[in-house]
A.B. asks: 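Got a structure for you, questions after.
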There are 2 protein chains.
Amino acid sequence: MAGNARVPRPTAQRLSLYLRELERLGAIEQVTVSSRQLGESVGATDAQVRKDLGIIGHSGMPGIGYQVMALAEAIREVIGVHKQWRAALVGAGNIGRALVAYRSFHEQGFEIVAVFDASPAVVGRTVAQLRVRPMTDLAATVAREGIDIGIVAVPAESAQDVAEDLVAAGVRGILNFAPRLLSVGKRVAMVNVDFRSALENLVHDVSQREIAEIFAAVSKPTVRRRRGRGAA
Amino acid sequence: MAGNARVPRPTAQRLSLYLRELERLGAIEQVTVSSRQLGESVGATDAQVRKDLGIIGHSGMPGIGYQVMALAEAIREVIGVHKQWRAALVGAGNIGRALVAYRSFHEQGFEIVAVFDASPAVVGRTVAQLRVRPMTDLAATVAREGIDIGIVAVPAESAQDVAEDLVAAGVRGILNFAPRLLSVGKRVAMVNVDFRSALENLVHDVSQREIAEIFAAVSKPTVRRRRGRGAA
DNA sequence: GTTTGTGAACCGTTTCACAGCA
DNA sequence: TGCTGTGAAACGGTTCACAAAC
């Protein structure tokens, strides 16, 4: 019932992480969690967790914490994962096939119900029990199967066209694996997953860290001591 | 030469996107870009682009814009992609194999030079010309091959152990595909790619949009008109 | 003692707006 | 005229700190 307040994006992202941890705790039959424990598992502070849960209108019990199961359910509702989402995958290449094979999606509210590819060489082949269909079937299939979201796993050059086809077919959201900004109307939601950017962000971090270490070594040539949080 | 100032994370992420666009423009032999054009291609404002480039200490020419090639090179240097990075992949499952097959990494400063897997059934098999090695070879291989970064593509349950092995072996950064927060020392950089979170963020967006539309329909039952930026 | 809920202070980033240069 | 560079203002999110609840 609580769940129509505006949720800032950073909060929405963390909710997803809280949910994962809550499911883990539920499986272990832990009944309550403190904001502190929940925060630690996802790299957030306790205050942050409380703010986030406040935003979605969920309350805990002072001195006790939050009910694991009830909280998980509340988050699912806010995120929208309480219903099952049906997805169409476009692109049966390496990434596409890996996604279809990712069995756990199904248990988490997502299901890839159709696979498409532009290449005649691939159309008709079977990927994880799904027959790869030609792009010409897209619109009809999206309508018939009640598909909500499209997954774009094609090369950058064709990604924009595919996105437009998906939008025309009526999907409400697109998960884009192509390294290109796709422009779709603002009625359609869009999330990008970009390996190259992820790697570049990583090496940038590594580089900055190296520079920082050289600096530290020069300006403070003693043994460094920092508080807390060491990793085994 | 310019490139040791502190770069805020949001800026670093956009630099990665600018670089892609600059490479595309370079291929088309466009010589200069305006902040406006560059911004549009990645979904940022012109002011944002100028601020970002200012941060990395790169200047353009008033009335003209930025030199495409020079800017690309400057960004590569800041990101750290001017050198070639060597990666070890752990986990030869679906995602792992998709990553190895991702040929374009190589042209972009990254190379997966070794693949590891814990399962004896997989060890010894060949993935894209690389023989899958047992985990016991990890430390020696990382040292011998001069590997900088590790890619974790194993199930959530083993991810933390793998991360610790990688850190012990001496990698400086980890790209994590497992849906779990991995704790490593703060000397090691870490970037997460999480399909489930991405999907959840997407459906959350879709849900919010639906709510917003219902709202709009109720409170303002006229044809909506908003300025700018429509997509074909 | 533990832990929540939250106003207030804080901080980093984005946007604005305009002077200055080509 | 077109576009950059940049202080100053605005914004949004995070952290702090503490009263209230168990």
Side-chain angles (χ1 to χ4, degrees), chain A residues 2-3 5-18 21-22 25 30-68 70-72 74-75 78 201 204-205 208 227-229, chain B residues 2 5-18 21-22 25 30-68 70-71 74-75 78 201 204-205 208 227-229:
Chain A
R6 206 226 145 222
V7 181
R9 191 118 53 93
T11 294
Q13 279 166 207
R14 282 189 300 270
L15 287 175
S16 201
L17 305 180
Y18 300 152
E21 177 67 3
L22 289 165
L25 295 174
Q30 187 175 320
V31 177
T32 61
V33 231
S34 65
S35 54
R36 150 103 76 139
Q37 186 190 354
L38 195 49
E40 264 169 14
S41 73
V42 309
T45 66
D46 55 340
Q48 181 79 77
V49 173
R50 292 197 296 278
K51 266 272 147 75
D52 287 340
L53 301 188
I55 285 168
I56 67 168
H58 191 91
S59 301
M61 303 187 261
I64 309 292
Y66 301 84
Q67 299 286 125
V68 170
L71 179 53
I75 291 178
V78 171
N201 294 163
H204 175 248
D205 260 33
Q208 282 209 159
R227 59 197 175 88
R229 279 190 89 202
Chain B
R6 206 227 144 220
V7 180
R9 191 117 55 91
T11 295
Q13 280 166 207
R14 282 188 300 269
L15 286 175
S16 200
L17 305 180
Y18 300 151
E21 177 68 1
L22 289 165
L25 295 174
Q30 186 173 324
V31 178
T32 62
V33 231
S34 65
S35 54
R36 150 105 72 140
Q37 186 191 355
L38 195 49
E40 264 169 13
S41 74
V42 311
T45 65
D46 54 341
Q48 179 80 267
V49 172
R50 292 197 297 277
K51 265 273 147 72
D52 287 340
L53 301 188
I55 285 169
I56 67 168
H58 191 90
S59 301
M61 302 188 260
I64 308 291
Y66 302 84
Q67 298 286 122
V68 169
L71 179 53
I75 291 178
V78 172
N201 294 163
H204 174 249
D205 261 32
Q208 281 208 160
R227 59 198 176 87
R229 281 188 90 201

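Note on naming: letters A, B, ... go to the chains in the order of the sequence lines (proteins, then strands), and numbering restarts at 1 for each one.
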A.B. asks: Side chain of R6(A) only, heavy atoms from C-beta on: which candidate in dG5(C), dG13(D), dT13(C) is closest?
C.D. replies: dG13(D)
A.B. asks: Nearest whole Å is fine: how far is dT4(D) C1' from Q67(B) CD?
C.D. replies: 14 Å
A.B. asks: Establish, with yes or no, whether the OP1 or OP2 oxygen of dT4(D) is under 4.0 angstrom from a side-chain nitrogen or oxygen of S35(B).
C.D. replies: yes
A.B. asks: For T45(B), which contact category applies under a 4.0 Å heavy-atom criterion: base, sugar-phosphate, or nothing?
C.D. replies: sugar-phosphate
A.B. asks: Taking the minimum atom-to-atom distance to the side chain of P10(A), which one of dG5(D), dG13(D), dT14(C) wins?
C.D. replies: dG13(D)
A.B. asks: Begin from the C-alpha positions of Q37(A) and L25(A) and carry the test side-chain contact (heavy atoms from CB on, under 4.5 Å) through to its verdict.
C.D. replies: CA-CA 11 Å; Q37(A) 186 190 354; L25(A) 295 174; 3.8 Å; yes
A.B. asks: Given atom CG of D46(A) and atom P of dC16(D), what is their separation to the nearest angstrom?
C.D. replies: 10 Å
A.B. asks: Quick one: E40(B) CD to dC3(D) P, roughly how many Å, whole number?
C.D. replies: 11 Å
A.B. asks: Can you identify which nucleotide, out of dT14(D), dA17(C), dT6(C), has its nearest atom closest to the R50(A) side chain?
C.D. replies: dT6(C)
A.B. asks: Among the candidates dG13(D), dT4(D), dT14(D), find the nucleotide nearest to the side-chain atoms of P8(A).
C.D. replies: dG13(D)
A.B. asks: Rounded to whole angstrom units, what separation is found between the CD1 atom of I64(A) and the C1' atom of dC22(D)?
C.D. replies: 6 Å
A.B. asks: Touch check for G54(B), heavy atoms < 4.0 angstrom, all strands: base, sugar-phosphate only, or nothing?
C.D. replies: nothing
A.B. asks: Between dC22(D), dT3(C), dA17(D), which nucleotide gets closest to the side-chain atoms of A47(A)?
C.D. replies: dA17(D)
A.B. asks: How close or far is atom C1' of dT4(C) from atom CG of L38(A), stated in whole angstroms?
C.D. replies: 13 Å
A.B. asks: Using atom CZ of R14(A) as one end and atom C1' of dT15(D) as the other, report the distance to the nearest whole Å.
C.D. replies: 12 Å
A.B. asks: In whole Å, what is the span from the CZ atom of R9(B) to the P atom of dG12(D)?
C.D. replies: 21 Å
A.B. asks: Ignoring hydrogens and angles, does a donor from either the side chain of K51(B) or the base of dT13(C) sit under 3.5 Å from an acceptor on the other?
C.D. replies: no
A.B. asks: Taking the side chain of P62(B) as its heavy atoms from C-beta onward, which of dT15(C), dG20(C), dC22(D) lies nearest to it?
C.D. replies: dG20(C)
A.B. asks: At 4.0 Å (heavy atoms only), tell me whether G60(B) reaches a base, stays on the sugar-phosphate, or touches nothing.
C.D. replies: sugar-phosphate
A.B. asks: Starting from P on dT15(D), measure out to CD1 on I55(A) and report it in whole angstrom.
C.D. replies: 13 Å
